[in-house]
There are 2 protein chains.
Amino acid sequence: MSHGSTQHEVLAVVFQVRDLDAGKPALNVLLWQRAMSPERGKWSLPGGRLADDEDLTTSVRRQLAEKVDLREVAHLEQLAVFAEPSRVPGSRVIATTFLGLVPSPATPALPADTRWHPVGDLPPMAFDHRPMVDDAHARLVAKLSYTNIGFGLAPGEFALSQLRDIYSAALGYPVDATNLQRVLARRGVISPTGTTAHPGPTGGRPAKLYRFTESRYRVTDEFAALRPPGTSSGFLDLS
Amino acid sequence: MSHGSTQHEVLAVVFQVRDLDAGKPALNVLLWQRAMSPERGKWSLPGGRLADDEDLTTSVRRQLAEKVDLREVAHLEQLAVFAEPSRVPGSRVIATTFLGLVPSPATPALPADTRWHPVGDLPPMAFDHRPMVDDAHARLVAKLSYTNIGFGLAPGEFALSQLRDIYSAALGYPVDATNLQRVLARRGVISPTGTTAHPGPTGGRPAKLYRFTESRYRVTDEFAALRPPGTSSGFLDLS
DNA sequence: ACATGTTTTCGATTATAAGTCGAAAACCTC
DNA sequence: GAGGTTTTCGACTTATAATCGAAAACATGT
């Protein structure tokens with residue numbers, strides 16, 4: 001059995017809900033178009049080789065800053081390892097994927113070769129990056145319902161209608177604001193700031209502003225069923 | 001920035017509920033005692049270096065068969081990557097952990113240096129293997145409630161009281177059999193075989209036997225809240 | 001055969017959480 | 001102040017889970 005040199009790379013699936021105020025808000029991924037062979041012209045995830053003394057998270061942060069000039073990542077989380085021996089041509093490269101979230105109203109400047117793409121309309125992608133995006137999206141959808149991970153997509157303060165739009169875009173189906181408010185409030189995920197937003201040009205009742213109680217990842221409802229008695233819907237910290 | 005040679009290893013956290021019939025059933029992990037430096041005498045997870053042309057899952061299966069002579073793994077699932085540069089002495093090794101499950105009544109023969117250890121009473125462990133076990137346990141506990149992963153811990157056919165004991169041991173708190181039956185039956189996770197067990201020596205009503213409907217990993221209840229309307233508790237395949 | 005003890009199963013009830021809907025509140029412009 | 005707009009809140013319905021106790025189905029011993 002041989003153990004040759006195996007390289008390791010990190011790849012980030014960075015999501016943001018875009019066009020929140022404008023037309024239809026949609027969940028987007030940050031992609032980068034390859035200028036060189038192999039897979040020239042196809043789009044790939046930001047990332048790259050892990051340096052010798054680097055931790056994985058450090059490496060992702062560095063590469064996002066260096067390669068796509070992105071520093072506004074509110075949440076970063078390890079996802080999965082992709083290690084099929086021939087997933088990329090040439091010598092073997094094992095990839096660890098990360099989920100990254102950028103809050104919504106921000107519009108960070110990007111280099112010329114990087115662009116946001118709606119997850120519902122992805123361009124041809126390089127290597128195995130497409131299944132990576134699909135996996136990350138599935139994880140995001142799942143975690144929105146039982147964690148406070150929404151803080152990574154929402155601004156610091158927000159109206160409930162904005163949060164509904166963000167959740168709708170990220171989940172891919174309509175979300176009821178009343179229900180969202182009650183569920184998130186009960187779990188202590190969001191709390192009112194006490195202030196209200198200015199009504200828009202067309203009027204309307206001014207919206208109460210909310211914030212996420214914590215901006216650290218937390219599990220809020222790991223168990224729908226089979227919960228130990230008397231521990232209904234509390235906070236379970238397993239970060 | 002330098003990119004030296006980095007090795008990659010796979011490590012398996014294999015769980016089994018032991019002493020099901022005897023005294024108190026408890027969740028155990030399979031560990032292996034190191035005979036050589038470093039960390040001599042401490043217990044470590046089974047696993048080892050990834051071969052050049054090997055996929056991760058293949059590698060885990062191979063190493064479990066070779067090193068601890070274990071072939072009865074009913075479920076194997078990738079968990080996380082541990083990559084701190086100095087997690088092991090010497091040149092850098094990146095580890096991918098796996099969750100493995102062995103059905104309950106089986107008592108596979110083991111080499112002399114490997115042994116089952118109750119998760120509630122773990123011996124001193126080598127390197128960063130202890131946090132790996134804790135992480136895997138947390139994941140198992142979580143997944144028992146919203147997937148059919150229990151098939152990996154239960155025998156092919158079982159009475160509900162046995163399944164209750166298995167879930168209790170794995171979850172770490174008492175589980176009500178009535179509730180377990182109703183929840184798992186509604187989700188279609190278990191189904192009656194039509195046969196009944198022989199009553200024990202002390203008598204008692206003979207138990208209906210059940211089996212897990214599928215022995216492939218499935219998510220059964222990803223969403224307690226925020227579910228799209230009309231999609232209550234169906235099967236979501238994301239294997 | 002029948003009473004007694006044991007284990008499992010099942011139904012009835014309660015508790016908790018989520019989904020739906022419509023009315024009222026609070027702002028705008030004209 | 002009338003009409004339009006948006007948000008908020010309460011009331012009701014539905015879905016799911018937890019609890020509990022009675023009944024079923026076996027064994028053993030007399």
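None of the values given here were measured: they were computed from a predicted structure. The sequence lines fix the lettering, A, B, ..., with proteins before strands; numbering per chain opens at 1. Quick note: numbers below take in every heavy atom, side chains included, and nothing from hydrogens, waters or symmetry partners.
Across the protein-nucleic acid pair, B:N179 atom CG and C:dT9 atom P stand 15 Å apart, rounded to whole Å. Atom CG in B:L180 sits roughly 13 Å away from atom C1' in D:dA18 (whole-Å rounding). Atom P of nucleotide C:dC10 and atom CG of B:L160 are separated by 9 Å, given to the nearest angstrom. Summarising the geometry, the separation between CG on B:L209 and P on C:dT7 is reported as 17 Å, rounded to the nearest angstrom. The CD1-C1' distance, from B:I190 to C:dT9, rounds to 13 Å in whole Å. B:Q162 places its CD atom 14 Å from the P atom of C:dT7, with the value rounded to the nearest Å. Rounded to a whole Å, the CG atom of A:D176 is 18 Å from the P atom of D:dT13. Straight-line distance from the CZ atom of B:R187 to the P atom of D:dA15: 16 Å, rounded to whole Å.
OP1 or OP2 of D:dC9 lies within a sub-4.0 Å distance of a side-chain N or O belonging to A:K208.
In this structure, of D:dA18, C:dG11, D:dT8, it is D:dT8 that holds the atom nearest to the side chain of A:A207.
A salt bridge is defined here as a Lys NZ or Arg NE, NH1 or NH2 lying under 4.0 Å from an Asp or Glu carboxylate O, and A:E77 with A:K143 meets this definition. Using a cutoff of 4.0 Å between basic side-chain nitrogens and carboxylate oxygens, A:R71 and A:D69 are scored as salt-bridged.
Panel note: side chain A:T213, backbone A:G188; a donor-acceptor pair is recorded below 3.5 Å. No donor-acceptor distance shorter than 3.5 angstrom exists from the side chain of B:T147 to the backbone of B:L144, with no hydrogens or angles considered. Side-chain atoms of A:T193 never come within 3.5 Å of backbone atoms of A:Y210 as a donor-acceptor pair (strictly under, hydrogens ignored).
Considering CZ of A:R61 and CG of A:L56, their distance stands at 13.0 Å, rounded to 0.5 Å.
Taking the six-membered ring where tryptophan is involved, the planes of A:H75 and A:F151 are perpendicular, since the angle between them exceeds 60° and thus also 30°.
DNA chain C is contacted by both B:R182 and B:R164; B:R164 maps to the nucleotide lying nearer its 5′ end (nearest heavy atom per residue).
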Would you list the protein and nucleotides 26-29 of chain C atom pairs, both N or O, that sit under 3.5 Å from each other?
residue, atom, partner, partner atom, Å
C:dA26, N3, A:R205, N, 3.3
C:dC27, O2, A:G204, N, 3.0

